[in-house]
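What you see is a predicted model; the values in this text were computed from it and never measured.
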Amino acid sequence: MPNEQPNIIFMMSDDHASHAMSCYGSAINETPNLDRIANEGMRFDNCFCTNSICAPSRAAILTGQYNHKNGVRTLGDQFDSRQTTVQRLLKENGYQTALIGKWHLGHGGHHDPADFDYWNVLPGQGDYHNPTMIEMGEEKVAKGYVTDVITDLSLDWMKNRDKEKPFMLMYHHKAPHRPWEPDEKHKHMYEDIDIPEPYSFHDDYEGKAEAAKEATMRIDRDLMKRDVKADPPEGLSDKELKSWYYQRYIKDYLRCVASIDDNVGRVLDFLEDEGLAENTIVIYTSDQGFFLGDHGWYDKRFMYEESLRMPFIIRYPKAIRPGSTTKDFALNVDFAETFLDYAGVPVPDFMQGRSLRPVLEEDTPADWQTSMYYRYWEHLSKEHKVGAHYGIRTHDYKLIYYYGEALGAADAVDEYREPEWELYDLKKDPYEMTNVYHDKSYEEVIKELKQELYQLKEEVQDTE
């Protein structure tokens, strides 16, 4: 491994599910430029977030810590930028650092981005068209489509950087976040075809916890006119209406993804043209997964697979074999440690993840993680009403505990629900259609999983 510190480009979108990427076998779209990263590097098939919602995932990535440690458990918590972060440690060790695009961790005081030589971010969620941007504290309106704008700004920063130093650029897209507004170039994609409906589209939640039945993020019931941009035709049956809503939703979502893919291609081409590709680590991920009609839903939050799973593809020609894949677990709390490891910067003891470098270089340690801990804190928050829960996922099983209380979390509703458990046998039931928690043949499995779950809680110090 060379001593030269690599450049790092960390590309992150918002709500881009891995099953809407052709390198992950998507049945609904093609992403040729994202596929370039996967084909020229490694694809992680088991990368997971530790809390499937925007701000908490971003805080975990910056700090290498779980949300009960970094203070951002829900959307109602703002990030304290005085914390030690990956960008601070890189900057202290010779890197130029920049953040361009979505921040979503608060503004003003100690909540603005810190330890970046340059930052230019969207306020809150930001707008798709002619977005307001906050450049180093000053608000400006940028003309154009947000995905193009963020890319233009990122390319400009790289062109004007100090070429004597390595750099770390966080290139963060708003898309494909709700309300899914495509650009002019892509707005007619998919007009003449029907997008296939997912396997679990008509899940009736039979046997699942009440939390699944109560959640208000159903395609057929909870999407708004601002999401689908039209009123449905009259005279449709319930099934036809659900399909109509799905087609309106998923096509705009995929059109937004297509714009991301085009713009990622621009960045990859720039690296090639500038002779930077060989010594630049390029990562593409999303802050969490997303339901693309799976279980009849949009949005995320649940520990179910489509929400839990993050895309994670990474290219570094000097160290990562092209076309490699892994089923080894990776978590968003591992990203910071990975960047530091490749930069030759010591990983501080407070970080709770583990560098992915040995996995990337196909030398996975014998003691690599085979289970992961998840916790969603935002109990019954107003719009989506997903019950707070925590759980464990192994290679074979997923055990989820809906504990039924807000426990003081911001944005949570103080309404008690009877606690419930769910267990999914991921080998037999990869789409998580059948809760087998009450099946007596799984009693020993449940006992072992609970023991490991509470051991993980102890290890990550989520014990209050």
Side-chain angles (χ1 to χ4, degrees), residues 17-19 24-25 44-52 197-215 217-218 289 291-297 300-310 326-331 364 366-376 379 386-405 416-460 462-463:
S18 60
H19 54 308
Y24 279 97
F44 279 74
D45 290 342
N46 285 317
C47 183
F48 305 116
C49 59
T50 52
N51 182 353
S52 184
E197 295 170 356
Y199 176 85
S200 60
F201 189 59
H202 294 293
D203 190 349
D204 62 5
Y205 318 114
E206 183 67 31
K208 286 185 165 66
E210 288 299 313
K213 302 169 188 175
E214 188 173 8
M217 47 195 215
R218 296 192 197 180
F291 294 112
L292 305 180
D294 314 281
H295 304 287
W297 289 328
K300 57 264 185 179
R301 301 166 189 264
F302 277 107
M303 198 184 170
Y304 296 131
E305 205 69 359
E306 297 85 3
S307 167
L308 178 70
R309 184 182 301 276
M310 304 167 71
T326 182
K327 295 192 180 299
D328 292 329
F329 280 13
L331 307 178
T364 303
D367 65 345
W368 195 255
Q369 57 198 359
T370 56
S371 61
M372 59 84 60
Y373 176 67
Y374 177 90
R375 184 164 184 180
Y376 172 76
H379 185 59
V386 173
H389 55 286
Y390 59 76
I392 180 175
R393 189 204 191 278
T394 68
H395 283 282
D396 294 337
Y397 298 102
K398 185 181 294 175
L399 182 68
I400 309 172
Y401 179 51
Y402 299 92
Y403 52 88
E405 297 182 73
Y416 179 74
R417 294 290 186 274
E418 195 69 31
E420 292 184 88
W421 290 89
E422 290 181 336
L423 173 67
Y424 294 98
D425 184 331
L426 300 175
K427 295 295 185 186
K428 295 181 179 178
D429 179 26
Y431 296 102
E432 298 170 308
M433 298 294 284
T434 305
N435 173 21
V436 294
Y437 183 78
H438 302 290
D439 184 332
K440 291 190 180 299
S441 67
Y442 287 91
E443 285 180 354
E444 191 61 32
V445 170
I446 291 169
K447 181 180 177 182
E448 291 173 3
L449 286 171
K450 285 185 177 180
Q451 182 177 347
E452 190 168 358
L453 170 60
Y454 292 114
Q455 182 179 328
L456 285 175
K457 280 179 70 70
E458 289 281 344
E459 287 177 5
V460 304
D462 184 17
T463 55

In the structure I gave you, are the side-chain heavy atoms of [X] and [Y] within less than 4.5 Å of one another anywhere?
X      : Y      : answer
Tyr424 : Asn435 : yes
Glu210 : Glu418 : no
Tyr390 : Leu453 : yes
His295 : Arg218 : no
Leu399 : Lys450 : yes
Arg393 : Leu426 : yes
Asp294 : His19  : yes
Tyr402 : Arg417 : no

Please report the closest heavy-atom contact between [X] and [Y], naming both atoms and the distance.
X      : Y      : answer
Met303 : Leu308 : O-CB, 3.7 Å
Phe44  : Asp328 : CD2-O, 4.0 Å
Val460 : Tyr373 : CG2-CD2, 3.7 Å

Looking at [Y], is its backbone amide N or carbonyl O close enough to the side chain of [X] to form a donor-acceptor pair, meaning the two atoms are under 3.5 Å apart?
X      : Y      : result
Arg375 : Ala388 : no
Thr394 : Tyr397 : yes
Lys457 : Asp462 : yes
Glu306 : Leu292 : no
Ser307 : Phe302 : yes
Asp425 : Asp429 : no
Tyr431 : Pro198 : no

Rounded to the nearest 0.5 Å, how far apart are [atom1] of [X] and [atom2] of [Y]?
X      : Y      : atom1 : atom2 : answer
Glu422 : His438 : CD    : NE2   : 9.0 Å
Ile400 : Leu423 : CD1   : CG    : 9.0 Å
Arg309 : Ser18  : CZ    : OG    : 6.0 Å
Tyr374 : Leu331 : OH    : CG    : 12.5 Å
Asp204 : Met433 : CG    : CE    : 7.0 Å
Phe48  : Glu305 : CZ    : CD    : 5.0 Å

Requested in this report: Mark yes when over 12 heavy atoms from residues, nucleotides or ligands other than Tyr199 sit less than 6.0 Å from its OH; otherwise mark no.
Outcome: no

Report task. Go through the steps for Val386 and Met217 under the test side chain to side chain contact (heavy atoms under 4.5 Å, CB included), then give the verdict. Result -> CA-CA 9 Å; Val386 173; Met217 47 195 215; 4.0 Å; yes

Requested in this report: Only counting residues at least two apart or in another chain, list the ones meeting side chain to side chain contact (heavy atoms under 4.5 Å, CB included) with Glu459.
Outcome: Gln455, Leu456

Report summary line: Lys327 meets the side chain to side chain contact (heavy atoms under 4.5 Å, CB included) criterion, sequence neighbours left out, with Asp45, Asn46

Query raised in the report: Do NZ/NE/NH1/NH2 and the carboxylate oxygens of Glu432 and Lys208 come within less than 4.0 Å?
Result: no

Query - Ser441 and Asp439: side chain donor to acceptor below 3.5 Å - result: yes

Query raised in the report: What pairs with His202 under ring pair (Phe, Tyr, Trp, His ring centres under 6.0 Å), at least two apart in sequence or on another chain?
Result: none

Query raised in the report: Would you call the rings of Trp421 and Tyr437 parallel, tilted or perpendicular, where under 30° means parallel and over 60° means perpendicular?
Result: parallel

Query - Aromatic plane relationship, Trp297 with Tyr205 - under 30° parallel, 30 to 60° tilted, over 60° perpendicular - result: parallel

